[in-house]
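Notes follow once the structure below has been shown.
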Amino acid sequence: MLATLINAAAIIVGSLIGILLKKGLSARYEATVFAATGIISLVIGIQMALKASHVLAFALALIIGGLVGTLLDIEGGFLKLGERLKARFAAKDEGSTFAYGFLDASVLFCAGAMAIVGSFKAGTEGDYAILLTKSVMDGFISVLFASAMGVGVAFSALSVLVYQGALTLLSVLVKPYVTETMLAELTGLGGALVIMIGINLLGLKKLKTGDFLPALVVTVLLVLAMPYVPFL
């Protein structure tokens with residue numbers, strides 16, 4: 001758990017730096033920061049999405065997961081949680097960016113293979129190298145995200161604590177089922193979610209990224225089914 005705690009702390013520190021930078025930005029420069037953050041999200045997302053090699057499984061997971069998430073209103077739930085956190089801990093002038101900062105940063109910091117593999121290595125081998133590397137990366141990214149979206153980004157550290165902490169504690173039980181194929185497909189699907197974040201930040205279209213989170217679970221199920229359904 002030590003490496004996960006360091007990861008969460010790095011996000012908080014980076015976010016605080018980003019918030020300080022945000023206070024010194026005029027509206028004109030804030031637009032530039034949003035644009036830069038959107039482009040960076042697109043680049044990261046595309047790099048991740050290209051890891052997926054099973055196109056049919058990728059498409060099915062995205063469609064089925066999106067439909068399930070829409071039915072359950074996953075994004076609405078995340079935003080309500082974000083609003084409760086804002087009401088408890090943040091200033092009223094944060095507006096809707098708090099909830100979206102919390103949601104988008106949570107997806108970005110939890111979607112990649114480094115979170116999964118790093119947690120497994122920490123839990124089963126006591127090897128913290130991957131999570132410590134991820135901590136440095138997340139810290140720098142959180143500076144940019146928080147300067148664009150505010151203090152909500154810092155609260156994504158809670159998502160990282162819960163997600164990576166659970167993976168670390170359950171690593172011995174879960175690791176046998178996590179193959180290279182599953183890691184690649186989960187990374188690819190996570191990349192699609194990060195691309196959605198980029199599209200939102202650039203103002204190209206409002207996509208409900210949170211509603212597609214069940215696609216990650218569908219991806220796991222499809223990968224487990226691949227030995228029995230070869231065309232996937």
Side-chain angles (χ1 to χ4, degrees), residues 38 40-82 99-120 134 138 141 145 152-153 156 158-160 162-167 170 174-175 177-202 204-232:
I40 290 169
S41 298
L42 286 179
V43 172
I44 293 173
I46 290 169
Q47 289 177 335
M48 291 172 61
L50 291 175
K51 300 291 185 182
S53 58
H54 295 265
V55 178
L56 179 58
F58 178 89
L60 287 174
L62 203 58
I63 294 169
I64 295 171
L67 291 172
V68 171
T70 300
L71 177 64
L72 298 177
D73 192 22
I74 300 292
E75 173 139 330
F78 256 100
L79 295 180
K80 287 176 183 176
L81 174 59
Y100 283 108
F102 169 67
L103 170 61
D104 290 349
S106 294
V107 172
L108 181 62
F109 296 144
C110 295
M114 290 183 78
I116 301 173
V117 177
S119 298
F120 287 163
K134 179 178 180 291
D138 290 355
I141 292 172
F145 260 67
V153 175
S156 67
L158 295 174
S159 302
V160 171
V162 172
Y163 179 68
Q164 289 181 185
L167 286 177
L170 296 172
V174 178
K175 189 176 180 181
Y177 301 98
V178 181
T179 62
E180 291 295 325
T181 299
M182 184 173 291
L183 285 173
E185 297 307 312
L186 282 172
T187 299
L189 202 285
L193 300 182
V194 176
I195 289 172
M196 292 180 190
I197 292 172
I199 291 172
N200 287 339
L201 288 170
L202 291 171
L204 300 177
K205 184 177 177 62
K206 182 65 188 77
L207 300 173
K208 292 188 175 182
T209 310
D211 285 348
F212 288 88
L213 287 173
L216 295 168
V217 177
V218 178
T219 295
V220 171
L221 297 176
L222 291 175
V223 171
L224 292 175
M226 282 179 183
Y228 312 100
V229 188
F231 62 83
L232 286 175

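Numbers for residues simply follow the sequence, beginning at 1.
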Between F212 and V107, does the side chain to side chain contact (heavy atoms under 4.5 Å, CB included) criterion hold? Intermediate values first, please.
CA-CA 10 Å; F212 288 88; V107 172; over 6 Å; no
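- Side-chain contact check for F78 versus L213: some heavy-atom pair is nearer than 4.5 Å.
- Atom-to-atom distance recorded for T209:OG1 and N200:CG is 4.5 Å, nearest 0.5 angstrom.
- Side chains of Y163 and S119 form no contact here, defined as non-hydrogen atoms less than 4.5 Å apart.
- The nearest pair of heavy atoms linking M226 to A57 is CE-CB, 3.7 Å.
- Distance OH/Y177 to OG1/T179: 12.5 Å, rounded to 0.5 Å.
- Side-chain atoms of E185 do not come within 3.5 Å of backbone N or O of V220 as any donor-acceptor pair.
- Between C110 and Q164, the closest side-chain pair of non-hydrogen atoms is not below 4.5 Å.
- A61 and L222 get closest at one heavy-atom pair: N-CD1, 3.9 Å.
- The shortest side-chain heavy-atom distance between I199 and L42 falls under the 4.5 Å cut-off.
- Distance CZ/F58 to CG/L232: 14.5 Å, rounded to 0.5 Å.
- What you find for G38 and L202 is that their closest heavy atoms are CA-CG, 4.0 Å.
- Around atom NZ of K206, more than 12 heavy atoms belonging to other residues, nucleotides or ligands sit under 6.0 Å away.
- Proximity of V223 to H54: side-chain heavy atoms (C-beta onward) are nowhere separated by under 4.5 Å.
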Run S41 and M196 through side chain to side chain contact (heavy atoms under 4.5 Å, CB included) and show every step you take.
CA-CA 9 Å; S41 298; M196 292 180 190; over 6 Å; no
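- Atom-to-atom distance recorded for Q47:CD and T187:OG1 is 12.0 Å, nearest 0.5 angstrom.
- Summarising the geometry, atom CG belonging to L216 is positioned 5.0 Å from atom CG belonging to L189; distances are rounded to the nearest 0.5 Å.
- Between L193 and I197, the closest side-chain pair of non-hydrogen atoms is not below 4.5 Å.
- I64 meets the side-chain contact (heavy atoms from CB on, under 4.5 Å) test with L60, V68, V218; sequence neighbours excluded.
- For F145 against L201, the heavy-atom pair with the smallest separation is CZ-CD1, 4.1 Å.
- A heavy-atom distance below 4.5 Å is not found between the side chains of L158 and V162.
- At least one donor-acceptor pair closer than 3.5 Å links the side chain of K134 to the backbone N or O of F109.
- Taken to the nearest 0.5 Å, the CD1 atom of I74 stands 12.0 Å off from the NZ atom of K208.
- Between M182 and L224 there is a side-chain heavy-atom pair separated by less than 4.5 Å.
- G190 approaches A111 most closely through the heavy-atom pair CA-CB, 3.9 Å.
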